[in-house]
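This structure is a prediction, so every number in the text was calculated from the model and none was measured. Every chain is numbered from 1, with letters handed out A, B, ... down the list of sequences.
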2 protein chains.
Amino acid sequence: MSRKSEETRARILQTTLDLLQSGSPHLTRISDIAKAAGISRQALYLHFPNRAELLVAATKYLDEKVNIDASLAESRAASSGMMRLDAFVRAWGTHIPVIYGVGRALMAMSDTDAEARAAWDDRMSAVRHGCAAAVNALIRDGDLRPDLTDDTATDLLWTILSVRNWEALTQTCGWTQDAYLAEISRLSRGALTRPDR
Amino acid sequence: MSRKSEETRARILQTTLDLLQSGSPHLTRISDIAKAAGISRQALYLHFPNRAELLVAATKYLDEKVNIDASLAESRAASSGMMRLDAFVRAWGTHIPVIYGVGRALMAMSDTDAEARAAWDDRMSAVRHGCAAAVNALIRDGDLRPDLTDDTATDLLWTILSVRNWEALTQTCGWTQDAYLAEISRLSRGALTRPDR
DNA sequence: GAATTTCTTGACACCGTGTCAAGTTGACAT
DNA sequence: ATGTCAACTTGACACGGTGTCAAGAAATTC
(Lines give C-alpha, C1' and ligand atoms only; values in the text may rest on other atoms or scores of the structure.)
Protein backbone atom coordinates (compact mmCIF):
# COMPACT_ATOMS: atom_id res chain seq x y z
CA MET A 1 0.00 0.00 0.00
CA SER A 2 2.69 2.43 -0.95
CA ARG A 3 2.23 6.01 -2.08
CA LYS A 4 2.18 4.91 -5.70
CA SER A 5 -0.47 2.29 -5.07
CA GLU A 6 -2.79 4.67 -3.25
CA GLU A 7 -2.28 7.16 -6.00
CA THR A 8 -3.46 4.83 -8.75
CA ARG A 9 -6.25 3.59 -6.53
CA ALA A 10 -7.53 7.12 -6.15
CA ARG A 11 -7.11 7.72 -9.87
CA ILE A 12 -9.15 4.62 -10.65
CA LEU A 13 -11.92 5.70 -8.30
CA GLN A 14 -12.04 9.23 -9.63
CA THR A 15 -12.07 7.94 -13.21
CA THR A 16 -14.89 5.57 -12.32
CA LEU A 17 -16.96 8.43 -10.92
CA ASP A 18 -16.20 10.60 -13.94
CA LEU A 19 -17.23 7.93 -16.41
CA LEU A 20 -20.38 7.07 -14.49
CA GLN A 21 -21.38 10.71 -14.28
CA SER A 22 -21.28 11.07 -18.02
CA GLY A 23 -22.51 7.88 -19.64
CA SER A 24 -24.78 5.02 -18.73
CA PRO A 25 -23.50 2.35 -16.33
CA HIS A 26 -23.37 -0.47 -18.88
CA LEU A 27 -21.21 1.74 -21.09
CA THR A 28 -18.76 1.95 -18.22
CA ARG A 29 -17.06 -1.41 -18.46
CA ILE A 30 -14.09 -2.45 -16.40
CA SER A 31 -11.93 -2.12 -19.48
CA ASP A 32 -13.26 1.39 -20.16
CA ILE A 33 -12.37 2.50 -16.66
CA ALA A 34 -8.90 0.97 -16.85
CA LYS A 35 -8.24 2.58 -20.19
CA ALA A 36 -9.41 5.98 -18.99
CA ALA A 37 -7.30 5.64 -15.87
CA GLY A 38 -4.26 4.82 -18.00
CA ILE A 39 -3.64 1.31 -16.75
CA SER A 40 -4.32 -2.19 -18.01
CA ARG A 41 -7.53 -4.00 -17.20
CA GLN A 42 -5.64 -6.56 -15.16
CA ALA A 43 -3.92 -3.87 -13.11
CA LEU A 44 -7.34 -2.68 -12.03
CA TYR A 45 -7.99 -6.14 -10.63
CA LEU A 46 -4.89 -5.72 -8.49
CA HIS A 47 -6.74 -2.92 -6.69
CA PHE A 48 -10.32 -4.14 -6.71
CA PRO A 49 -11.46 -7.77 -6.76
CA ASN A 50 -14.54 -7.16 -8.92
CA ARG A 51 -16.89 -4.62 -10.38
CA ALA A 52 -19.20 -4.50 -7.41
CA GLU A 53 -16.44 -3.71 -4.93
CA LEU A 54 -15.05 -1.11 -7.28
CA LEU A 55 -18.41 0.64 -7.37
CA VAL A 56 -18.81 0.38 -3.62
CA ALA A 57 -15.33 1.80 -3.12
CA ALA A 58 -16.13 4.60 -5.57
CA THR A 59 -19.25 5.40 -3.55
CA LYS A 60 -17.30 5.59 -0.31
CA TYR A 61 -14.65 7.69 -2.01
CA LEU A 62 -17.32 10.09 -3.19
CA ASP A 63 -18.90 10.18 0.26
CA GLU A 64 -15.58 11.22 1.75
CA LYS A 65 -15.14 13.96 -0.79
CA VAL A 66 -18.59 15.50 -0.47
CA ASN A 67 -19.31 14.51 3.13
CA ILE A 68 -22.99 13.97 2.73
CA ASP A 69 -23.51 13.42 6.45
CA ALA A 70 -22.31 16.91 7.24
CA SER A 71 -24.71 18.39 4.72
CA LEU A 72 -27.63 16.47 6.14
CA ALA A 73 -26.60 17.34 9.67
CA GLU A 74 -27.30 20.97 9.00
CA SER A 75 -30.97 20.13 8.70
CA ARG A 76 -30.83 18.93 12.28
CA ALA A 77 -30.15 22.47 13.39
CA ALA A 78 -33.55 23.74 12.24
CA SER A 79 -35.77 24.76 15.11
CA SER A 80 -39.32 23.85 14.09
CA GLY A 81 -40.37 20.50 12.64
CA MET A 82 -41.61 22.16 9.48
CA MET A 83 -38.32 23.92 8.92
CA ARG A 84 -36.45 20.76 9.65
CA LEU A 85 -38.46 18.84 7.07
CA ASP A 86 -37.79 21.50 4.50
CA ALA A 87 -34.08 21.69 5.31
CA PHE A 88 -33.75 17.92 5.05
CA VAL A 89 -35.61 17.72 1.76
CA ARG A 90 -33.44 20.44 0.27
CA ALA A 91 -30.20 18.98 1.62
CA TRP A 92 -30.90 15.50 0.30
CA GLY A 93 -32.43 16.76 -2.91
CA THR A 94 -29.32 18.78 -3.55
CA HIS A 95 -27.09 15.78 -3.06
CA ILE A 96 -28.95 13.42 -5.34
CA PRO A 97 -27.37 14.80 -8.54
CA VAL A 98 -23.93 14.41 -6.97
CA ILE A 99 -24.39 10.72 -6.28
CA TYR A 100 -26.64 9.98 -9.25
CA GLY A 101 -23.93 8.56 -11.48
CA VAL A 102 -22.64 5.97 -9.10
CA GLY A 103 -26.10 5.44 -7.66
CA ARG A 104 -27.50 4.50 -11.01
CA ALA A 105 -24.68 2.00 -11.51
CA LEU A 106 -25.28 0.52 -8.07
CA MET A 107 -29.02 0.26 -8.72
CA ALA A 108 -28.41 -1.47 -12.03
CA MET A 109 -26.04 -3.95 -10.42
CA SER A 110 -28.43 -4.57 -7.54
CA ASP A 111 -30.44 -6.81 -9.82
CA THR A 112 -27.59 -9.26 -10.16
CA ASP A 113 -25.14 -8.56 -7.36
CA ALA A 114 -25.90 -8.93 -3.67
CA GLU A 115 -22.93 -6.84 -2.62
CA ALA A 116 -23.96 -3.90 -4.77
CA ARG A 117 -27.49 -4.21 -3.47
CA ALA A 118 -26.29 -4.18 0.11
CA ALA A 119 -24.18 -1.09 -0.50
CA TRP A 120 -27.07 0.80 -2.10
CA ASP A 121 -29.58 -0.35 0.51
CA ASP A 122 -27.19 0.88 3.16
CA ARG A 123 -27.12 4.34 1.61
CA MET A 124 -30.87 4.37 1.25
CA SER A 125 -31.40 3.33 4.83
CA ALA A 126 -29.27 6.27 5.90
CA VAL A 127 -31.62 8.52 3.98
CA ARG A 128 -34.52 6.75 5.62
CA HIS A 129 -33.12 7.61 9.03
CA GLY A 130 -33.03 11.22 8.00
CA CYS A 131 -36.67 10.94 6.94
CA ALA A 132 -37.58 9.37 10.26
CA ALA A 133 -35.83 12.17 12.13
CA ALA A 134 -37.74 14.79 10.16
CA VAL A 135 -41.01 12.96 10.83
CA ASN A 136 -40.22 12.84 14.54
CA ALA A 137 -39.59 16.56 14.59
CA LEU A 138 -43.03 17.06 13.02
CA ILE A 139 -44.60 14.79 15.62
CA ARG A 140 -42.90 16.71 18.43
CA ASP A 141 -44.42 19.93 17.14
CA GLY A 142 -47.79 18.28 16.59
CA ASP A 143 -47.57 19.06 12.90
CA LEU A 144 -47.82 15.54 11.48
CA ARG A 145 -51.11 14.67 9.84
CA PRO A 146 -53.07 12.82 12.50
CA ASP A 147 -53.98 10.01 10.11
CA LEU A 148 -50.34 9.03 9.58
CA THR A 149 -48.31 6.78 11.82
CA ASP A 150 -44.64 7.67 12.09
CA ASP A 151 -43.65 4.60 10.06
CA THR A 152 -46.14 5.33 7.31
CA ALA A 153 -45.04 8.93 7.16
CA THR A 154 -41.39 7.90 6.99
CA ASP A 155 -42.08 5.41 4.20
CA LEU A 156 -43.95 8.05 2.28
CA LEU A 157 -41.31 10.73 2.62
CA TRP A 158 -38.56 8.27 1.78
CA THR A 159 -40.40 7.25 -1.36
CA ILE A 160 -41.10 10.83 -2.41
CA LEU A 161 -37.41 11.62 -2.00
CA SER A 162 -36.22 8.59 -3.99
CA VAL A 163 -33.49 8.91 -6.56
CA ARG A 164 -35.93 7.40 -9.06
CA ASN A 165 -38.31 10.30 -8.59
CA TRP A 166 -35.49 12.78 -9.01
CA GLU A 167 -34.52 10.92 -12.15
CA ALA A 168 -38.07 10.94 -13.50
CA LEU A 169 -38.60 14.65 -12.94
CA THR A 170 -35.21 16.07 -13.88
CA GLN A 171 -33.95 13.54 -16.43
CA THR A 172 -37.12 12.33 -18.08
CA CYS A 173 -39.39 15.33 -17.66
CA GLY A 174 -36.58 17.85 -18.01
CA TRP A 175 -37.22 19.83 -14.85
CA THR A 176 -34.47 22.08 -13.59
CA GLN A 177 -32.93 21.23 -10.25
CA ASP A 178 -34.58 24.32 -8.76
CA ALA A 179 -37.99 23.31 -10.02
CA TYR A 180 -37.45 19.84 -8.60
CA LEU A 181 -36.49 21.21 -5.19
CA ALA A 182 -39.41 23.60 -5.09
CA GLU A 183 -42.08 21.08 -6.08
CA ILE A 184 -40.71 18.21 -4.04
CA SER A 185 -40.55 20.42 -0.96
CA ARG A 186 -44.15 21.39 -1.41
CA LEU A 187 -45.15 17.82 -2.09
CA SER A 188 -43.38 16.54 1.02
CA ARG A 189 -44.91 19.21 3.17
CA GLY A 190 -48.36 18.59 1.77
CA ALA A 191 -48.01 14.86 2.22
CA LEU A 192 -46.93 14.93 5.85
CA THR A 193 -48.27 18.02 7.58
CA ARG A 194 -51.75 18.79 8.83
CA PRO A 195 -53.89 20.44 6.18
CA ASP A 196 -55.03 23.15 8.60
CA ARG A 197 -51.71 24.87 8.94
CA MET B 1 -48.21 -19.65 -38.63
CA SER B 2 -50.27 -22.80 -38.23
CA ARG B 3 -52.41 -23.73 -35.28
CA LYS B 4 -49.51 -25.56 -33.63
CA SER B 5 -47.17 -22.66 -34.05
CA GLU B 6 -49.56 -20.16 -32.50
CA GLU B 7 -50.18 -22.57 -29.70
CA THR B 8 -46.52 -22.83 -28.70
CA ARG B 9 -46.10 -19.13 -29.18
CA ALA B 10 -48.85 -18.48 -26.66
CA ARG B 11 -47.38 -21.07 -24.31
CA ILE B 12 -43.99 -19.37 -24.48
CA LEU B 13 -45.52 -15.98 -23.73
CA GLN B 14 -47.60 -17.26 -20.84
CA THR B 15 -44.59 -19.10 -19.41
CA THR B 16 -42.54 -15.92 -19.73
CA LEU B 17 -45.12 -13.95 -17.78
CA ASP B 18 -45.39 -16.66 -15.15
CA LEU B 19 -41.65 -16.84 -14.61
CA LEU B 20 -41.28 -13.07 -14.50
CA GLN B 21 -44.10 -12.74 -12.00
CA SER B 22 -42.36 -15.08 -9.57
CA GLY B 23 -38.63 -14.48 -9.73
CA SER B 24 -36.32 -11.66 -10.64
CA PRO B 25 -35.77 -10.84 -14.32
CA HIS B 26 -32.14 -11.92 -14.49
CA LEU B 27 -33.18 -15.29 -13.10
CA THR B 28 -35.50 -15.66 -16.07
CA ARG B 29 -33.05 -16.57 -18.80
CA ILE B 30 -34.04 -17.59 -22.29
CA SER B 31 -33.09 -21.16 -21.46
CA ASP B 32 -35.24 -21.09 -18.32
CA ILE B 33 -38.25 -19.96 -20.27
CA ALA B 34 -37.72 -22.57 -22.98
CA LYS B 35 -37.34 -25.31 -20.43
CA ALA B 36 -40.46 -24.25 -18.54
CA ALA B 37 -42.38 -24.07 -21.81
CA GLY B 38 -41.26 -27.57 -22.67
CA ILE B 39 -39.26 -26.77 -25.79
CA SER B 40 -35.60 -26.37 -26.65
CA ARG B 41 -33.85 -23.05 -26.38
CA GLN B 42 -33.33 -22.93 -30.13
CA ALA B 43 -37.02 -23.55 -30.79
CA LEU B 44 -37.80 -20.41 -28.85
CA TYR B 45 -35.63 -18.48 -31.29
CA LEU B 46 -37.87 -19.77 -34.08
CA HIS B 47 -40.69 -17.74 -32.53
CA PHE B 48 -38.86 -14.68 -31.20
CA PRO B 49 -35.65 -13.21 -32.60
CA ASN B 50 -34.24 -12.10 -29.24
CA ARG B 51 -34.93 -11.52 -25.60
CA ALA B 52 -36.14 -7.97 -26.03
CA GLU B 53 -38.78 -8.85 -28.61
CA LEU B 54 -39.89 -11.76 -26.49
CA LEU B 55 -40.48 -9.44 -23.55
CA VAL B 56 -42.22 -6.89 -25.74
CA ALA B 57 -44.46 -9.61 -27.16
CA ALA B 58 -45.17 -10.86 -23.65
CA THR B 59 -46.20 -7.35 -22.66
CA LYS B 60 -48.58 -7.07 -25.59
CA TYR B 61 -49.95 -10.52 -24.87
CA LEU B 62 -50.63 -9.47 -21.28
CA ASP B 63 -52.22 -6.23 -22.43
CA GLU B 64 -54.65 -8.18 -24.58
CA LYS B 65 -55.54 -10.47 -21.74
CA VAL B 66 -56.17 -7.81 -19.12
CA ASN B 67 -57.19 -4.98 -21.43
CA ILE B 68 -55.68 -2.19 -19.45
CA ASP B 69 -57.17 0.47 -21.71
CA ALA B 70 -60.69 -0.63 -20.86
CA SER B 71 -59.92 -0.40 -17.17
CA LEU B 72 -58.49 3.07 -17.51
CA ALA B 73 -61.37 4.13 -19.72
CA GLU B 74 -63.77 3.70 -16.86
CA SER B 75 -62.08 6.60 -15.09
CA ARG B 76 -63.13 8.76 -18.03
CA ALA B 77 -66.75 8.25 -17.06
CA ALA B 78 -66.34 10.10 -13.76
CA SER B 79 -68.22 13.37 -13.68
CA SER B 80 -66.13 15.79 -11.63
CA GLY B 81 -62.41 16.35 -12.09
CA MET B 82 -61.70 15.26 -8.55
CA MET B 83 -63.57 12.01 -9.02
CA ARG B 84 -61.87 11.45 -12.29
CA LEU B 85 -58.45 11.89 -10.73
CA ASP B 86 -59.32 9.44 -8.02
CA ALA B 87 -60.76 6.90 -10.45
CA PHE B 88 -57.68 7.12 -12.64
CA VAL B 89 -55.27 6.75 -9.74
CA ARG B 90 -57.14 3.70 -8.49
CA ALA B 91 -57.45 2.12 -11.93
CA TRP B 92 -53.79 2.49 -12.74
CA GLY B 93 -52.67 1.67 -9.22
CA THR B 94 -54.66 -1.53 -9.40
CA HIS B 95 -53.03 -2.53 -12.67
CA ILE B 96 -49.46 -1.98 -11.60
CA PRO B 97 -49.17 -5.31 -9.75
CA VAL B 98 -50.51 -7.09 -12.83
CA ILE B 99 -47.81 -5.72 -15.10
CA TYR B 100 -45.08 -5.51 -12.49
CA GLY B 101 -43.32 -8.73 -13.47
CA VAL B 102 -42.86 -7.94 -17.11
CA GLY B 103 -42.43 -4.27 -16.34
CA ARG B 104 -39.49 -4.92 -14.09
CA ALA B 105 -37.87 -7.05 -16.79
CA LEU B 106 -38.43 -4.34 -19.37
CA MET B 107 -37.02 -1.68 -17.07
CA ALA B 108 -33.94 -3.80 -16.37
CA MET B 109 -33.38 -4.35 -20.09
CA SER B 110 -33.92 -0.67 -20.85
CA ASP B 111 -30.40 -0.01 -19.64
CA THR B 112 -28.90 -2.07 -22.42
CA ASP B 113 -31.56 -2.52 -25.08
CA ALA B 114 -33.12 0.29 -27.09
CA GLU B 115 -36.05 -1.85 -28.19
CA ALA B 116 -37.00 -2.75 -24.64
CA ARG B 117 -36.65 0.88 -23.63
CA ALA B 118 -38.92 1.98 -26.47
CA ALA B 119 -41.54 -0.58 -25.48
CA TRP B 120 -41.51 0.49 -21.84
CA ASP B 121 -41.47 4.19 -22.68
CA ASP B 122 -44.46 3.60 -24.92
CA ARG B 123 -46.40 2.06 -22.03
CA MET B 124 -45.38 4.85 -19.73
CA SER B 125 -46.39 7.52 -22.19
CA ALA B 126 -49.83 5.92 -22.33
CA VAL B 127 -50.03 6.35 -18.58
CA ARG B 128 -48.87 9.89 -18.98
CA HIS B 129 -51.75 10.61 -21.34
CA GLY B 130 -54.10 9.34 -18.67
CA CYS B 131 -52.45 11.68 -16.19
CA ALA B 132 -52.81 14.60 -18.59
CA ALA B 133 -56.50 13.80 -19.07
CA ALA B 134 -57.07 13.77 -15.34
CA VAL B 135 -55.21 17.06 -14.98
CA ASN B 136 -57.35 18.59 -17.73
CA ALA B 137 -60.49 17.50 -15.96
CA LEU B 138 -59.24 19.27 -12.84
CA ILE B 139 -58.50 22.39 -14.84
CA ARG B 140 -61.96 22.32 -16.39
CA ASP B 141 -63.48 22.27 -12.91
CA GLY B 142 -61.09 24.92 -11.67
CA ASP B 143 -59.72 22.52 -9.11
CA LEU B 144 -56.06 22.46 -10.13
CA ARG B 145 -53.70 24.30 -7.81
CA PRO B 146 -53.25 27.71 -9.40
CA ASP B 147 -49.46 27.55 -9.07
CA LEU B 148 -49.22 24.49 -11.33
CA THR B 149 -49.14 24.52 -15.10
CA ASP B 150 -50.82 21.58 -16.75
CA ASP B 151 -47.48 20.14 -17.84
CA THR B 152 -45.98 20.42 -14.40
CA ALA B 153 -49.04 18.87 -12.86
CA THR B 154 -48.96 16.02 -15.36
CA ASP B 155 -45.27 15.38 -14.71
CA LEU B 156 -45.90 15.34 -11.01
CA LEU B 157 -48.85 12.97 -11.14
CA TRP B 158 -47.04 10.69 -13.57
CA THR B 159 -44.06 10.53 -11.23
CA ILE B 160 -46.19 9.89 -8.15
CA LEU B 161 -47.89 7.03 -9.98
CA SER B 162 -44.65 5.44 -11.18
CA VAL B 163 -44.11 1.72 -10.95
CA ARG B 164 -40.96 2.48 -8.96
CA ASN B 165 -43.01 4.18 -6.26
CA TRP B 166 -45.42 1.28 -6.14
CA GLU B 167 -42.40 -1.01 -5.84
CA ALA B 168 -40.86 1.06 -3.06
CA LEU B 169 -44.03 1.20 -0.96
CA THR B 170 -45.43 -2.30 -1.45
CA GLN B 171 -42.29 -4.36 -2.06
CA THR B 172 -39.66 -2.56 -0.01
CA CYS B 173 -41.79 -0.98 2.72
CA GLY B 174 -44.25 -3.87 2.81
CA TRP B 175 -47.46 -1.86 2.41
CA THR B 176 -50.58 -3.70 1.40
CA GLN B 177 -52.10 -2.88 -1.95
CA ASP B 178 -55.01 -1.22 -0.16
CA ALA B 179 -52.71 0.96 1.90
CA TYR B 180 -50.84 1.91 -1.26
CA LEU B 181 -54.04 2.89 -3.05
CA ALA B 182 -55.35 4.89 -0.12
CA GLU B 183 -52.17 6.87 0.49
CA ILE B 184 -51.30 7.43 -3.15
CA SER B 185 -54.81 8.70 -3.83
CA ARG B 186 -54.51 11.14 -0.99
CA LEU B 187 -51.03 12.16 -2.09
CA SER B 188 -52.13 12.75 -5.68
CA ARG B 189 -55.10 14.77 -4.61
CA GLY B 190 -53.03 16.83 -2.20
CA ALA B 191 -50.37 17.42 -4.81
CA LEU B 192 -52.70 18.63 -7.55
CA THR B 193 -55.80 20.18 -6.10
CA ARG B 194 -56.29 23.56 -4.48
CA PRO B 195 -55.67 23.49 -0.75
CA ASP B 196 -58.87 25.44 -0.04
CA ARG B 197 -61.26 22.71 -1.06
C1' DG C 1 -48.19 -41.26 -48.00
C1' DA C 2 -45.61 -37.14 -49.39
C1' DA C 3 -44.57 -32.43 -48.52
C1' DT C 4 -43.82 -29.01 -45.30
C1' DT C 5 -43.51 -26.99 -40.99
C1' DT C 6 -41.93 -27.53 -36.29
C1' DC C 7 -38.71 -28.83 -33.30
C1' DT C 8 -34.22 -31.16 -31.71
C1' DT C 9 -29.30 -31.79 -31.00
C1' DG C 10 -24.93 -30.06 -31.13
C1' DA C 11 -21.65 -26.92 -32.46
C1' DC C 12 -19.78 -22.28 -32.48
C1' DA C 13 -19.02 -16.96 -32.14
C1' DC C 14 -19.38 -12.87 -29.26
C1' DC C 15 -19.10 -10.03 -25.14
C1' DG C 16 -17.94 -8.83 -20.57
C1' DT C 17 -16.20 -10.55 -16.20
C1' DG C 18 -12.87 -12.70 -13.65
C1' DT C 19 -8.38 -15.70 -13.26
C1' DC C 20 -3.69 -17.23 -14.00
C1' DA C 21 1.12 -17.15 -15.40
C1' DA C 22 5.34 -15.10 -16.89
C1' DG C 23 7.76 -11.24 -17.75
C1' DT C 24 8.95 -6.00 -17.49
C1' DT C 25 9.72 -1.62 -15.14
C1' DG C 26 11.12 1.33 -11.63
C1' DA C 27 12.07 2.70 -6.82
C1' DC C 28 14.80 1.97 -2.96
C1' DA C 29 18.23 -0.08 0.13
C1' DT C 30 22.68 -1.52 0.95
C1' DA D 1 25.76 -1.35 -9.28
C1' DT D 2 23.23 -4.74 -7.84
C1' DG D 3 19.52 -7.24 -5.88
C1' DT D 4 14.85 -7.01 -4.11
C1' DC D 5 10.17 -6.00 -4.06
C1' DA D 6 5.92 -3.92 -5.50
C1' DA D 7 3.34 -2.23 -9.38
C1' DC D 8 2.24 -3.06 -13.72
C1' DT D 9 2.20 -5.37 -18.46
C1' DT D 10 0.93 -8.78 -22.04
C1' DG D 11 -1.37 -12.70 -23.35
C1' DA D 12 -3.96 -16.58 -22.54
C1' DC D 13 -8.07 -18.87 -20.88
C1' DA D 14 -12.69 -20.25 -18.37
C1' DC D 15 -17.42 -19.10 -17.65
C1' DG D 16 -22.21 -17.66 -18.36
C1' DG D 17 -25.67 -15.88 -21.26
C1' DT D 18 -27.13 -14.47 -25.89
C1' DG D 19 -27.61 -15.27 -30.50
C1' DT D 20 -26.46 -18.16 -35.01
C1' DC D 21 -25.99 -22.05 -38.08
C1' DA D 22 -26.51 -26.68 -39.97
C1' DA D 23 -28.32 -31.31 -40.26
C1' DG D 24 -31.66 -34.34 -39.11
C1' DA D 25 -35.94 -36.15 -36.60
C1' DA D 26 -40.86 -35.71 -35.67
C1' DA D 27 -45.20 -34.06 -36.26
C1' DT D 28 -48.90 -31.69 -39.12
C1' DT D 29 -51.17 -30.83 -43.07
C1' DC D 30 -52.81 -31.73 -47.55
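For the pair A:Leu44 and B:Thr28, both in contact range of DNA chain D, the more 5′-proximal nearest nucleotide belongs to A:Leu44. Comparing B:Arg11 and A:Ile30 against DNA chain C, the residue whose closest nucleotide sits nearer the 5' end is B:Arg11.
Atom NE2 of B:His129 has 12 or fewer heavy atoms from other residues, nucleotides or ligands within 6.0 Å.
Among the heavy atoms of the strands lying under 4.0 Å from B:Ile39 are primed sugar atoms or P, OP1, OP2 only; no base atom is included. Residue contacts shown for A:His47 are limited to sugar-phosphate atoms, with no base heavy atom under 4.0 Å away. Within 4.0 Å of A:Arg51, counting heavy atoms only, lie sugar-phosphate atoms of the nucleic acid but no base atom.
Between the side chains of A:Ser185 and A:Arg90, a donor-acceptor pair is found at a separation under 3.5 Å. Side-chain N/O atoms of A:Gln177 and A:Trp166 include a donor and acceptor closer than 3.5 Å. Between the side chains of A:Asn165 and B:Asn165, at least one donor-acceptor pair of N or O atoms lies under 3.5 Å. Using a 3.5 Å distance cut-off with no hydrogens or angles, the side chains of A:Ser162 and A:Thr159 do not pair a donor with an acceptor.
For the pair A:Asp113 CG and C:dG18 P, the interatomic distance rounds to 8 Å; values are reported in whole Å. When the P atom of C:dT5 is taken as reference, atom CZ of B:Arg9 falls 18 Å away, rounded to whole Å. Taking atom CZ on A:Phe48 and atom P on D:dA7, their separation rounds to 13 Å, with Å as the unit. B:Gln42 places its CD atom 14 Å from the C1' atom of D:dG24, with the value rounded to the nearest Å. Per the geometry, NZ belonging to A:Lys35 stands 16 Å off C1' belonging to D:dT9, to the nearest Å. B:Glu6 places its CD atom 14 Å from the C1' atom of D:dT28, with the value rounded to the nearest Å. Nucleotide C:dG18 holds its P atom 11 Å from the CD1 atom of A:Ile33, rounded to whole Å. Rounded to whole Å, the distance from OH on B:Tyr45 to C1' on D:dG17 is 8 Å.
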Criterion side chain to side chain contact (heavy atoms under 4.5 Å, CB included) on A:Lys65 and A:Gln14, from CA distance to verdict: CA-CA 10 Å; A:Lys65 282 186 70 174; A:Gln14 187 58 53; 2.9 Å; yes

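Taking 3.5 Å as the limit, the base of C:dG10 and the side chain of B:Arg41 contain no donor-acceptor pair of atoms between them.
Checked for salt-bridge contact, B:Arg51 and B:Asp113 miss the test: no charged N lies under 4.0 Å from a carboxylate O.
For the helix from C:dG1-D:dC30 to C:dT30-D:dA1, the terminal axes (five pairs an end, C1' atoms, rotation from four pairs onto the next four) enclose an angle of 10°, given to 10 degrees.
Listed candidates were D:dT10, C:dG18, C:dC7. Nearest to the side chain of B:Leu46 is C:dC7. Distance from the side chain of B:Arg29 is smallest to D:dT18 among D:dG19, D:dT18, D:dA12.
At the phosphate of D:dA7, neither OP1 nor OP2 sits under 4.0 Å from any side-chain N or O atom of A:Thr8. For C:dT6, one of the phosphate oxygens OP1 or OP2 lies less than 4.0 angstrom from a side-chain nitrogen or oxygen of B:Ser5.
Listed here is the closest heavy atom pair of B:Met107 and B:Val163: CE-CG1, 3.9 Å.
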